[in-house]
2 protein chains.
Amino acid sequence: MNEFNEYFKSAFTVDNVIFGFDEGDLKVLLIKRGEDPYRGKWGLPGYFVYPNEDLDTAAIRVLEELTGLRNVFLEQVKTFGSVNRHPFGRVITVAYFSLIKISHYTLQPSSIARKAKWHSVSEVTGLAFDHDEILKACFHRLKWLVRSRPVGFELLPPKFTLTELQHLYEAILETSLDKRNFRKKILSMDLLIDLDETQEGVAHRPARLYQFDRNRYEELLSEGFSFELKESKKKERTTERAASSSPQTA
Amino acid sequence: MNEFNEYFKSAFTVDNVIFGFDEGDLKVLLIKRGEDPYRGKWGLPGYFVYPNEDLDTAAIRVLEELTGLRNVFLEQVKTFGSVNRHPFGRVITVAYFSLIKISHYTLQPSSIARKAKWHSVSEVTGLAFDHDEILKACFHRLKWLVRSRPVGFELLPPKFTLTELQHLYEAILETSLDKRNFRKKILSMDLLIDLDETQEGVAHRPARLYQFDRNRYEELLSEGFSFELKESKKKERTTERAASSSPQTA
DNA sequence: TCAAAAGTGTTTTGGATACACCCATGG
DNA sequence: CCATGGGTGTATCCAAAACACTTTTGA
């Protein structure tokens with residue numbers, strides 16, 4: 001160790017970008033910081049990695065302390081280690097993101113959890129540290145991942161409608177999709193179980209409910225199947241409401 | 001700082017998977033370790049990150065000390081931090097990979113460089129630390145990257161033939177490609193400059209030389225162009241020699 | 001009976017694949 | 001003149017894209 005002692009003076013943390021999906025909108029769980037540095041600012045949930053803890057374990061711990069959830073989709077994205085990113089010293093952080101079913105999330109009793117709140121990803125800005133950049137990197141990774149692997153289901157309740165699924169994809173990919181083509185594509189993959197149930201209590205024709213068939217996916221995978229949604233060069237999603245006849249002050 | 005002192009006892013390093021392409025084969029530059037731990041084993045080039053050094057800078061430094069090269073393609077891939085991965089203490093390492101033109105590589109005078117040697121990626125095994133795993137992760141990332149962005153050119157000399165380019169893709173993707181279809185696809189992207197020169201001194205019809213048009217790529221990018229080579233579900237590259245008429249014992 | 005979202009098929013188009021022969025050079 | 005890789009075109013197939021109306025429910 002001798003000559004290398006100089007180097008054993010750093011700390012490292014994990015930060016976890018926790019995504020959820022609600023009201024047709026992609027959300028991220030943020031913490032209002034109650035202590036320095038950046039007191040009062042919103043930031044990503046994270047903490048120092050314990051001396052005897054693996055990185056993934058630390059990320060799982062942070063997630064569980066906040067949400068009570070275990071066995072959740074979680075993936076390492078990128079490590080941020082600019083010299084001056086942390087005022088306490090040299091701290092590098094390993095960024096993870098996780099996907100949770102927001103309906104399963106319940107406020108935890110821990111003091112940290114009481115400071116947590118969901119924010120629309122598209123509206124988040126001005127976070128503590130370099131967390132804006134971290135969020136951006138994780139969102140970018142999610143965008144890619146959702147087109148290459150069937151992870152979208154991690155964000156939906158166990159039973160969902162095709163329209164909900166489509167809205168999820170539209171929110172993540174920031175695009176609009178054609179209803180018929182989307183359904184054709186998804187159903188042709190043979191990854192959904194038609195539950196033969198329908199929504200109840202909606203003021204319109206109730207939609208069929210589906211479930212993701214994880215076993216079938218594993219099976220297809222081993223046969224060389226590759227989940228793949230094309231990168232659509234389509235128009236940005238717009239707030240589809242042109243100047244109707246709402247009177248404007250001229 | 002006070003209460004957090006416990007955490008400021010870790011070190012971190014960068015490891016750099018340096019890829020090159022030669023003799024139709026994807027290579028990686030490894031170091032024969034002259035010191036403990038893992039003395040005598042091959043390992044990835046890497047070193048501690050200096051207290052006032054950014055991660056990327058450290059990776060660039062490691063690369064330059066070894067190869068003398070600057071302004072090289074380099075990308076962070078993943079961070080490895082198992083509790084016991086390093087016998088000296090808690091050391092997490094940030095893995096990078098870089099792509100260099102092997103023809104530009106010349107043996108550096110530094111003592112470290114004298115222990116470096118190119119190895120075929122497909123044959124490497126039994127590296128120091130968790131470097132097998134790191135190499136695997138970087139190779140996997142390269143495989144993905146080469147299909148999504150025109151980075152293959154980083155591994156070729158400035159002037160190359162289409163067949164060389166095809167062989168490069170075949171080596172990285174571990175597959176075989178159809179010559180006519182490959183050419184059609186690549187040329188249709190309008191990213192290559194036909195130099196109107198040909199090979200010299202080859203014992204067959206000399207091939208035309210091409211150059212990657214980086215400016216054109218930037219231009220196309222800004223127009224929304226997306227480089228994309230499909231994931232071919234084709235046969236593994238085989239040593240194309242089936243039982244011809246060689247007699248089998250019946 | 002109205003509003004609101006669910007559900008459904010066909011045609012067109014473009015890109016991926018499969019495939020085989022002649023060409024230019026050095027030895 | 002032979003061996004070696006260079007270079008080229010077409011037909012087929014399949015998946016993506018474009019596109020509009022009817023159905024079911026609650027209010």
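The chains referred to below are lettered A, B, ... by the order of the sequence lines, with proteins before strands, and numbering in each begins at 1.
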Do the side chain of [X] and the base of [N] come within less than 3.5 angstrom through a donor-acceptor pair of N or O atoms?
X	N	result
B/K185	C/dT17	no
A/R180	D/dA17	no
B/K184	D/dT10	yes
B/K179	D/dG7	yes

Check every atom of C/dA6, D/dG5, D/dA27 against the side chain of A/H204 and return the nucleotide holding the closest atom.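 Among the listed nucleotides, the one closest to the side chain of A/H204 is C/dA6.
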Closest to the B/N181 side chain, choosing from D/dA18, C/dA18, D/dG6: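 Of all the options, the side chain of B/N181 is nearest to C/dA18.
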Please report the distance, rounded to the nearest Å, between [atom1] in [X] and [atom2] in [N].
X	N	atom1	atom2	value
B/L177	C/dT17	CG	P	9 Å
B/Q199	D/dG5	CD	C1'	9 Å
A/F182	D/dA18	CZ	P	16 Å
B/Y169	C/dA16	OH	P	14 Å
B/D178	D/dG6	CG	P	14 Å
B/Q166	D/dG6	CD	P	9 Å
A/E164	C/dG7	CD	P	11 Å
A/L187	C/dA6	CG	P	14 Å

With a 4.0 Å cut-off on heavy atoms, is [X] in touch with a base, just the backbone sugar-phosphate, or nothing at all?
X	result
B/R208	sugar-phosphate
B/S188	nothing
B/T161	nothing

Over all heavy atoms of both residues, which pair between B/I134 and B/A95 is shortest? Give the atoms and the distance, please. CG2-CB, 3.5 Å
Residues B/R183 and B/T163: side-chain donor-acceptor under 3.5 angstrom: yes
Donor-acceptor side-chain pairing of A/S110 and A/Q108 below 3.5 angstrom: no
Intermediate values then yes/no, ring pair (Phe, Tyr, Trp, His ring centres under 6.0 Å), A/F227 and A/Y217: CA-CA 9 Å; A/F227 185 92; A/Y217 175 58; 7.1 Å; no
For the side chain of A/S120 and the backbone of A/E123, is there at least one donor-acceptor N/O pair under 3.5 Å apart?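 No, A/S120 side chain to A/E123 backbone: no donor-acceptor pair under 3.5 Å.
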Can you check whether B/T163 has a side-chain N or O nearer than 4.0 Å to OP1 or OP2 of D/dG5? no
